[in-house]
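First comes the structure, then the notes that go with it.
So you know, we letter chains A, B, ... as the sequences are listed, proteins then strands, and number each from 1. Scope of the values below: all heavy atoms of this structure, side chains included, with no hydrogens, waters or symmetry mates.
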Number of protein chains: 2
Amino acid sequence: MVSTLRDVAKHAGVSVATVSRYVNRSGNVRAQTAGRIRQAIAELGFRPNVVGRSLKTATTRSLGVVIPSLSNPVFADAVSGIGQTARAEGYNLMFMATDYDRDAETQTVGALLDYRIDGLILTVSDPGESPVLDLLERTGTPYILIYNQFSLAARPSVTVDNVAAGHDAAEALIGLGHRRLGMISGSFGASDRARARRDGFVRAARDAALAEPVVREVDFLTMNVDAILDDVFKDRSRAPSALFCSNDLLAISLIGALRRRGVRVPDDVSVIGFDGIAVGSHQHPTLTTVVQPSREMGQTAARQLLDCLNGGNAPTGAVLPHILRLGESAGPAGKPDPAALQEPDQTVQRRTAQ
Amino acid sequence: MVSTLRDVAKHAGVSVATVSRYVNRSGNVRAQTAGRIRQAIAELGFRPNVVGRSLKTATTRSLGVVIPSLSNPVFADAVSGIGQTARAEGYNLMFMATDYDRDAETQTVGALLDYRIDGLILTVSDPGESPVLDLLERTGTPYILIYNQFSLAARPSVTVDNVAAGHDAAEALIGLGHRRLGMISGSFGASDRARARRDGFVRAARDAALAEPVVREVDFLTMNVDAILDDVFKDRSRAPSALFCSNDLLAISLIGALRRRGVRVPDDVSVIGFDGIAVGSHQHPTLTTVVQPSREMGQTAARQLLDCLNGGNAPTGAVLPHILRLGESAGPAGKPDPAALQEPDQTVQRRTAQ
DNA sequence: GTGAAAGCGCTAACAT
DNA sequence: ATGTTAGCGCTTTCAC
């Protein structure tokens, strides 16, 4: 059914080497010969077998991608960027999601290594203490992290400065006059970036001499925001007037839950998210959030990895600038003054971290 | 750096054949020999090279996945389901998005074929007239469509009955008392399912002897809903009181745009979406929508394909039931009567199509 | 239970 | 400019 180089060679009356040269544009082939080969290829519907090539060249022209989940558009966007850059260079993607399961990380990366991917782009739960990264180092597989915060071990990663970003989120709220801040986050255990955002956020509150922010974890699968809200707003006098969510999906849930219990956003409580997923800016109220350039992060990671594979330097990672996007979900603290309201959806570039 | 079967064999003092048998659990190996091999593998950090195996067995244990975009969570969910099922059987995914570009479809599928994927799961822009599907038929590659409507050519596809679903959406609105319906859709040219949904929707309006629904296409990339709304609501007296969107992302945009211009949802205009993406039910108002079981669709497609690869029958496709999810975004027509409002987020199973 | 050897489809010396 | 050939890592007869 499928034909091989040999079939084509026989059909065109040349040797396999010549066909190979023609197909790969390596070495010269006389125009007339090329014509015969072209015709043979067309007649047989020949498609080169990458498996044979890979075995010989010890290279697969495929990149592994391992991320926690596709359910969060932030990762999907990054994968889009990776795919675009990879495809432009003729690379394919072998893809797997781990669903935030550490064992799946190891298993998945192992499988990818068996496929002899040329390099790997991944997000792990903890880059400081990761058997997966050790395995990659040991086997000498080029890799680059994405989203993961830099750790002491200095693993290359393409990310924003999550600490600075968390700090900026707090400052934005403080700038609006909020004095009692809170943060609601997904599992800190499964996300080094959530921890970093929290650290920056809390530090900003301290820097401004505010009371220690309320910080709560919410179970990511059930997204049971209501239980958290009951707790946070138990004591209305000490309840936060502004909440920072560790990601936009959570922020959107939170706003829905608040409004469903009659709390007005932003009039009663301001909300700021993190990620900058597209749906946030199409909502009502539009979501105020710290935007990560996810697509660009994917592109950058892919670019660095591909450069490395093309004989360049090892990936170094990159800290990309985050952007504060002002939407309608965060407003001035206290009695709302319409004149003081932000113009919705105004986008303000903030500093690059580091 | 990486060791081979031969290295292990030498290290353990056995032949490569025996190591191969041990690794693949094919044929018997004496316990003592197995022990030596196990140790050699551990010491050398041996990982079998799938490329060599694939060349020999003419099978890669990898599935191709080609979908229009990862930006819409509905596809991301399906890919999750595919990945889960594939991984459970030890299959890997080679993944590519086409960004709704027909040429990219062909190019991408071609690349995947060169990698000798064992089978392919894909969504095409037009299954009736698709060079890609012809190519797959010609090469005898097992494949199954997903989301695509069945066509005359009877390509196997895992989908909901989009015509019936569009019909149900209209009936739901009509049941709430709406008499003037409208539909806003992404490009019909790039989506056979959008066309099918429209057909069912329009037919239901006719069946109910209503005026022909207003139908408008919106550019998917810019999502410029406002221009459409200006047009649709130009003549308030004839403007629709309920709008059906061809997908949830669009519905969410639409609701935001409506509210931003002071139109209350659902008090003034009801909105119903399509897909059932998670974020819709966390919004305020919660989104009324026709839910596709995306994850399950992915699982079903993967299962049928894998069964086929394991020597079973060719994939037949499947029509999975859709579900109408009643949220807050659709309410009674005319003067809203609080007592008559639906209980939010109540989920009602509807008939399976066909 | 184990080993020897052929060969999957391709590329890259090397030879002509 | 083209042909011959070895061999990439593995599985799988076929012997023993």
Side-chain angles (χ1 to χ4, degrees), chain A residues 1-38 40-41 44-62 90 92 111-118 139, chain B residues 1-38 40-41 44-62 90 92 111-118 139:
Chain A
M1 195 67 225
V2 282
S3 46
T4 71
L5 259 190
R6 257 187 55 194
D7 300 331
V8 175
K10 203 173 301 173
H11 205 84
V14 296
S15 75
V16 288
T18 305
V19 180
S20 174
R21 277 189 282 261
Y22 171 79
V23 169
N24 300 305
R25 289 148 176 67
S26 61
N28 289 337
V29 181
R30 211 178 353 153
Q32 192 196 338
T33 317
R36 292 216 309 282
I37 296 175
R38 182 166 37 244
I41 287 178
L44 296 173
F46 168 77
R47 303 216 57 122
N49 186 333
V50 173
V51 179
R53 176 183 298 163
S54 292
L55 187 56
K56 177 65 187 177
T57 61
T59 181
T60 54
R61 293 191 80 78
S62 66
N92 263 41
L112 258 19
L113 288 179
D114 295 349
Y115 276 91
R116 297 301 190 263
I117 47 153
D118 292 338
T139 58
Chain B
M1 197 64 224
V2 283
S3 46
T4 71
L5 215 44
R6 255 187 56 196
D7 299 330
V8 175
K10 204 172 301 173
H11 205 84
V14 296
S15 75
V16 289
T18 305
V19 180
S20 174
R21 278 189 280 261
Y22 170 79
V23 169
N24 300 306
R25 289 147 176 68
S26 60
N28 289 336
V29 179
R30 208 175 356 151
Q32 191 196 340
T33 317
R36 290 216 310 281
I37 295 175
R38 183 166 37 245
I41 288 178
L44 296 173
F46 168 77
R47 305 214 56 122
N49 185 334
V50 174
V51 178
R53 174 183 299 163
S54 293
L55 187 57
K56 180 67 188 175
T57 61
T59 181
T60 54
R61 293 190 81 78
S62 65
N92 262 42
L112 258 22
L113 288 179
D114 295 349
Y115 276 92
R116 298 299 190 264
I117 47 153
D118 292 337
T139 57

For atom [atom1] of [X] and atom [atom2] of [N], their distance in whole Å:
X	N	atom1	atom2	answer
B:K10	C:dT2	NZ	P	20 Å
B:R116	D:dC10	CZ	P	21 Å
A:I37	D:dA1	CD1	P	13 Å
A:L5	D:dT2	CG	C1'	15 Å
B:R6	C:dA4	CZ	P	12 Å
B:R21	C:dG1	CZ	C1'	7 Å
A:R36	D:dA1	CZ	C1'	12 Å

Would one find a side-chain N or O of [X] under 4.0 angstrom from OP1 or OP2 of [N]?
X	N	result
B:S20	D:dC10	no
A:T33	D:dT2	yes
A:R53	C:dG9	no
A:N49	C:dC8	no
A:N28	D:dA1	yes
B:S15	C:dG3	yes

Exercise. For B:A34 and for B:T57, locate the closest nucleotide of DNA chain C by heavy-atom distance; then report the residue assigned to the nucleotide nearer the 5' terminus.
Key: B:A34
Quiz prompt | Side-chain touch B:T60/B:V50, heavy atoms, less than 4.5 angstrom | solution = no
